[in-house]
Amino acid sequence: MKSLKLHRWNISVKEALDIQNKLSKCVIQQKLDKPVKVLAGCDVAFEKNSYLACAGIVLMSFPELDLIDEKVIFSTIKFPYIQGFLSFRETPALLEIFKTIKAKIDLIFVDGYGIAHPRKFGIASHLGLILDLPTIGCGKTYLIGEYDEPKVDAGDYSWLFYKDEIVGAVVRTKTKVKPIFVSVGHKICLNDAIEFTLKCCKGYRIPEPIRMAHIIVNRNLKEKKLKSVAGK
DNA sequence: GCGACAG
DNA sequence: ATCTTGTCGC
């Protein structure tokens, strides 16, 4: 699939900051304009003291959530992990895979935040803008903002505020289990993001597309380690 | 200066 | 993210 080359990746943190401030203005919040048939979930796993990483993408049908396809790729990560700059570390590897996928994707689930970000440009927004596709950011731990603890039942949620603005929602995807942080990535509105997130949770805290992607990248990275120990 | 801080 | 086993609770 096509992807826009909005900037280089071999850059400094300052340049990355400028890019975020500039591109955040291009993010679009809107109701999904097309029916969703194909979902994608992506994730990246890293080897401990190394630059080796395994990026993976899973495609699923909606609303059935049947697995359509899965793909992983090993890559060398150069950008360090710095709070607020996660996308510059993980996006290049993910793009390598998206570029090889020919199927038409309607919506992408990203592990991390969208516009609920210090500069309104988390990895979900960044990836969505580059691929020009709707994306939802699903964070597992707190990053920014203020919120009230949502009620205990699956489906309950509360708004996430940042600078007097609603930037996301704290969603209880499973009864009596810690909620996740949902925010708009690109080309979707918060209500749709919450709705799709809930419809994609099948008994687990994490939406299936992301949960599956997480499983395959970890499995592949583990297998790669075993092979390197066994011989070559 | 101190605390907070996606994966 | 990654390092790691068993264990308490629904």
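Chain naming here is simple, since letters A, B, ... match the order of the sequence lines and numbering starts at 1 in each. As the structure is a computational prediction, the values presented were derived from the model and not from experiment.
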Practice problem: Specify whether A/Tyr147 and A/Phe181 have parallel, tilted or perpendicular ring planes, treating 30° as the upper limit for parallel and 60° as the lower limit for perpendicular. | Solution: perpendicular
Q) Checking all strands, does A/Phe181 fall into the base, sugar-phosphate, or nothing category for heavy-atom contacts under 4.0 angstrom? A) nothing
Side-chain donor/acceptor of A/Ser24 to backbone N/O of A/Asn21, under 3.5 Å: yes
ask   = Can you check whether A/Trp159 reaches A/Leu190 side chain to side chain, under 4.5 Å on heavy atoms?
value = yes
What contact category does A/His126 fall into here, base, sugar-phosphate, or nothing, at under 4.0 angstrom with non-hydrogen atoms?
nothing
Separation of C/dA1 atom P from A/Tyr113 atom OH, nearest Å, is 13 Å
Sort me out a list of protein N/O and nucleotides 7-10 of chain C N/O pairs below 3.5 Å, or just none if empty.
none

At a 4.0 Å cut-off to heavy atoms of chain A, the contacted part of DNA chain B spans B/dC5 to B/dG7
Remember a base hit wins even if backbone is also touched, and classify A/Ala45 as base, sugar-phosphate or nothing at under 4.0 Å, heavy atoms.
-> sugar-phosphate
A/Arg172/A/Glu149 under salt bridge (Lys or Arg N to Asp or Glu O under 4.0 Å): CA gap, chis, key distance, verdict:
CA-CA 9 Å; A/Arg172 190 81 65 182; A/Glu149 190 69 18; 3.5 Å; yes
Exercise for the section: Considering just the side-chain nitrogens and oxygens of A/Asn218, establish if one lies under 4.0 Å of OP1 or OP2 belonging to C/dA1. Expected result: no
*asked:* Assess whether a salt bridge exists between A/Lys14 and A/Asp18, defined as any Lys/Arg side-chain N lying under 4.0 Å from an Asp/Glu carboxylate O.
replied: yes
Give one of base, sugar-phosphate or nothing for A/Gly112, where a contact means two heavy atoms less than 4.0 Å apart.
base
Worksheet item: Using a cut-off of 4.0 Å on non-hydrogen atoms, how would the nucleic acid contact of A/Tyr81 be classed: base, sugar-phosphate, or nothing?
Response: base
In short, salt bridge (charged side-chain N to carboxylate O under 4.0 Å, His left out) pairs touching residues 100-117 of chain A with sequence neighbours left out are A/Lys104-A/Asp106
Need one value for A/Ile123: base, sugar-phosphate or nothing, where a base atom within 4.0 Å counts as base even if backbone is also close, heavy atoms only.
base
**Prompt:** Does the ring centre of A/His126 sit less than 6.0 Å away from the ring centre of A/His7?
**Reply:** yes
- Task: For A/Gly137, report the nucleic acid contact type (base, sugar-phosphate, nothing); a contact means any heavy atom under 4.0 Å.
- Result: nothing
Do we get A/Lys224 above A/Phe74's six-membered ring, with its NZ or CZ under 6.0 Å from the centre and within 45° of the axis? yes
Rounded to whole Å, the CG-P distance (A/Leu143 to C/dA1) equals 15 Å
Exercise. Which part of the nucleic acid, if any, lies within contact of A/Phe88, taking any heavy atom under 4.0 Å across all strands shown: a base, the sugar-phosphate backbone alone, or nothing?
Worked result: nothing
Measure the acute angle between the ring planes of A/Phe85 and A/Phe79, then classify it against the limits of 30° and 60° as parallel, tilted or perpendicular. tilted
